[in-house]
Amino acid sequence: MRFAISFLVKCLFSRLLLVFLLLTLPIGAAISQAAGEKKAAQPPMSFILVRSLLCQENCPEWISAEGRITSDTPARLRKMLKKIGGRKLPVVFRSEGGDVDAAYAMGRMIRKSGLETAVGGTRLKGCPVGDTRCQAAIAKDGPSGGYTYSAGAYCFSACPLALAGGVSRVSSQWAFIGVHQITTVYNKVRVSYRIEYKIVNGKKKEISRKEVGRKVAGQSSSTELGKKATAALTAYLKEMGVSEEVIGLMMSATPDNINIVPATEALRTGLITDMLSYNEWPGMPLCAPDAAAEAVCHSHPVAEAPVMAKAPVSQAPVQDAATETSEKLPKTQPMDFLLMSNGNCREECTQWISADGDITPDTPARLKAMLTTLGERKLPIVLQSNGGDMDAAFVMGRMIRAAGLETSIGRTQLPNCPKLDPRCKASIAKSGPTAGEVFAGRAYCLSSCTLVLMSGTPRIVGYSSIGLVRPTTAEYTRFFAYFDEMGVSAETYETMMFATSIERGTILRSQALKFGIVNGIIPYDEKPGLHVCGPEAKESLRCPRKAEAETVPVAASVN
């Protein structure tokens, strides 16, 4: 009897046990970065090869990338890159964001291909306003005709991560770059398995497992970056040469809002490497070091304004600048100072000091006379100069710093003056301020003028050219001592200076911010010298802030 029972038990446990196991698992943490994902305003990102309509010969081409970044966007980009072969065309982004992992993949593809990136929208020829990339205008073979625009263009959420892949990455003050928190979405799925067990030597052993069904069991999300997500983001930013400070900018805005990154922050953190000038547009390639002045590219290596000879700053006679001046440009003269008033207003007009011309040994005395006339009034100084005497620039800079004045770069135009003589004597007021206008475009502050510029508190720049030369051996110690005095990174500039063979180079705005030569970007809707109101001004829309106000837009949240 005992044998029969024992045999029966062994038979039962030697059979295969068929078991259905129900598990609830989080499957594939999906990453989403755009606000309002449920109501995606943009279709999935598509790529169009476009040729500029704004020129006739050697017209630039670019890849227009617009739409939401989805998981299959990298495959579409890869297809476009295969189509263009080894050509290095800029990628122009206009996107509200999307999938972070896809943005990483896109950025790495762009960097590996050595492509440039920009923020901008593309309008194809013949398309209506509401459908700027209409299907009818897309060429079946070859590039489509069109042009880009900056005003209102945007790169939000995950888009800046793809933008960061560019070897050169640019935007303008009319476009927007925005970041916010990364949202990790966990999809809960109930999975059913058919599992077969077998008892071997008294122990249960699984011999097969097969999925037989799954069902969605809910969803959860989190804005907290886990260790893996943080490590992936940090590694990617480091790989692309972008500061980890961007993570702080991202985490300071909820997923439902966007932190608009000011131009200064975008440049300082490396999200972009330069700002487009007033006459440059997204999709323009970066100029080669030897690019001709007429080449259709951005960041020309040679300033449009007349430049100083290659002699050291303190030894460069001011008349040498005139020998290189085109007949189409105004002749240079010793720097003079004019008290200016905005000629486009009737009351509560802003005022500034226009400092235009070459710096000579007696320029500091002229500046002192102007400041004495103004008394305690703190008006901004707007500079335009080829440079000149270095010792005089040191003296001017120290006077400006002691007075706590703002500096910027701008060209002042007096009314009824010809282009070749924008400060004609006939238009200068005999007493009181002279009415006129000031512009950042095509303005310049070169050589020792930049030493004066860096003394401002604050010191800001718009679409203007900045340049510095190497000091001679005799000037070296005083040159960098002045840098330290003005709170400018002498060590960083010195490293850059000796890493290039250019004796007289134009400094990019990104470099000027990095060194501390300037500490702000003039907002796109403002002009140099118009940050401080006149003595009789009252608070109004025309006079929004005083000298101590911030010089760049603060980060704003946009729904």
Side-chain angles (χ1 to χ4, degrees), residues 30-34 42 44-48 62-84 86-120 153-171 175-184 225 228-250 258-259 261 265-274 282-283 285-286 510:
I31 306 293
S32 170
Q33 256 205 281
Q42 287 185 312
M45 180 172 284
S46 60
F47 301 93
I48 302 174
W62 65 91
I63 299 170
S64 172
E66 298 193 17
R68 280 187 55 79
I69 299 173
T70 62
S71 58
D72 61 348
T73 304
R76 295 179 183 178
L77 176 59
R78 188 177 295 108
K79 184 177 179 181
M80 171 57 74
L81 297 183
K82 184 177 180 180
K83 177 181 178 181
I84 66 173
R87 300 173 61 197
K88 297 186 181 299
L89 302 182
V91 181
V92 180
F93 283 104
R94 179 176 173 269
S95 171
E96 64 182 24
D99 189 288
V100 170
D101 289 330
Y104 290 159
M106 293 169 64
R108 291 187 170 106
M109 290 167 60
I110 290 170
R111 180 62 60 88
K112 184 177 180 180
S113 300
L115 307 184
E116 303 165 28
T117 55
V119 180
Y154 52 88
C155 182
F156 290 162
S157 188
C159 177
L161 298 176
L163 180 77
V167 292
S168 164
R169 35 200 186 272
V170 297
S171 181
F176 302 95
I177 297 176
V179 296
H180 62 178
Q181 291 177 350
I182 294 176
T183 300
T184 304
L225 281 178
K228 289 185 178 181
T230 301
L233 177 57
T234 303
Y236 179 80
L237 294 176
K238 183 178 180 180
E239 181 182 346
M240 298 301 156
V242 178
S243 171
E244 291 184 19
E245 294 180 49
V246 170
I247 298 178
L249 295 174
M250 295 170 64
I258 290 287
N259 255 0
V261 184
E265 285 297 296
L267 283 166
R268 187 179 62 81
T269 58
L271 278 175
I272 58 176
T273 56
D274 197 16
L286 178 66
S510 56

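All heavy atoms count here, side chains included; hydrogens, waters and symmetry mates do not. For reference, positions follow the sequence shown, starting with 1.
Leu89 and Trp62 get closest at one heavy-atom pair: CB-CA, 4.3 Å. Among all heavy-atom pairs drawn from Glu244 and Leu237, the shortest one is CA-CD1, 4.3 Å. Residues Leu115 and Arg87 approach most closely at CD2-O, 4.0 Å, considering heavy atoms. In terms of heavy-atom proximity, Pro74 sits nearest to Ala102 at CG-O, 3.6 Å. Closest approach of Ser95 and Ile69 over heavy atoms only: OG-CG1, 4.0 Å. Closest heavy-atom contact between Ser157 and Gly98: OG-N, 4.1 Å.
The CD1 atom of Ile110 sits 7.5 Å away from the CG atom of Leu81 when rounded to the nearest 0.5 Å. Between the CG atom in Asp99 and the CG atom in Asp72 there is a gap of 9.5 Å [rounded to 0.5 Å]. Gln42 contributes atom CD, which lies 7.5 Å from atom CD of Glu66 (distance to the nearest 0.5 angstrom). Between atom SG of residue Cys159 and atom CE of residue Met45 there is a gap of 5.5 Å, rounded to the nearest 0.5 Å. One finds the CD1 atom of Ile258 at 9.0 Å from the CD atom of Glu96 (value rounded to the nearest 0.5 Å). Atom CZ of Phe156 sits about 9.5 Å away from atom CD1 of Ile177, to the nearest 0.5 Å.
Distance alone, capped at 3.5 Å, is enough to place a donor-acceptor pair between the Ser243 side chain and the Glu245 backbone. Side chain of Ser64 to main chain of Phe47: no donor-acceptor pair is present (N/O by atom type, distance under 3.5 Å, no hydrogens or angles). Without hydrogens or angle criteria, Thr73 side chain to Thr70 main chain gives a donor-acceptor distance under 3.5 Å. When atom types are taken as modelled, the side chain of Thr273 and the backbone of Arg169 share a donor-acceptor pair closer than 3.5 angstrom. Under a 3.5 Å cut-off, the side chain of Asn259 and the backbone N or O of Leu249 do form a donor-acceptor pair.
The closest side-chain heavy-atom distance from Met109 to Arg78 is below 4.5 Å. Residues Pro44 and Arg76 meet the side-chain proximity criterion, which asks for heavy atoms closer than 4.5 Å. Inter-residue side-chain proximity for Leu161 and Leu233 is flagged as met; some heavy-atom pair is nearer than 4.5 Å. Looking at Val167 and Leu286, their side chains never come closer than 4.5 Å, going by heavy atoms from C-beta outward. Using a 4.5 Å heavy-atom threshold, the side chains of Ile272 and Leu267 count as touching.
We find that Glu239 and Arg111 are not joined by a salt bridge, their nearest charged nitrogen and carboxylate oxygen being 4.0 Å or further apart.
For Lys238, the NZ atom is loosely surrounded, since the number of other residues' heavy atoms within 6.0 Å does not exceed 12.
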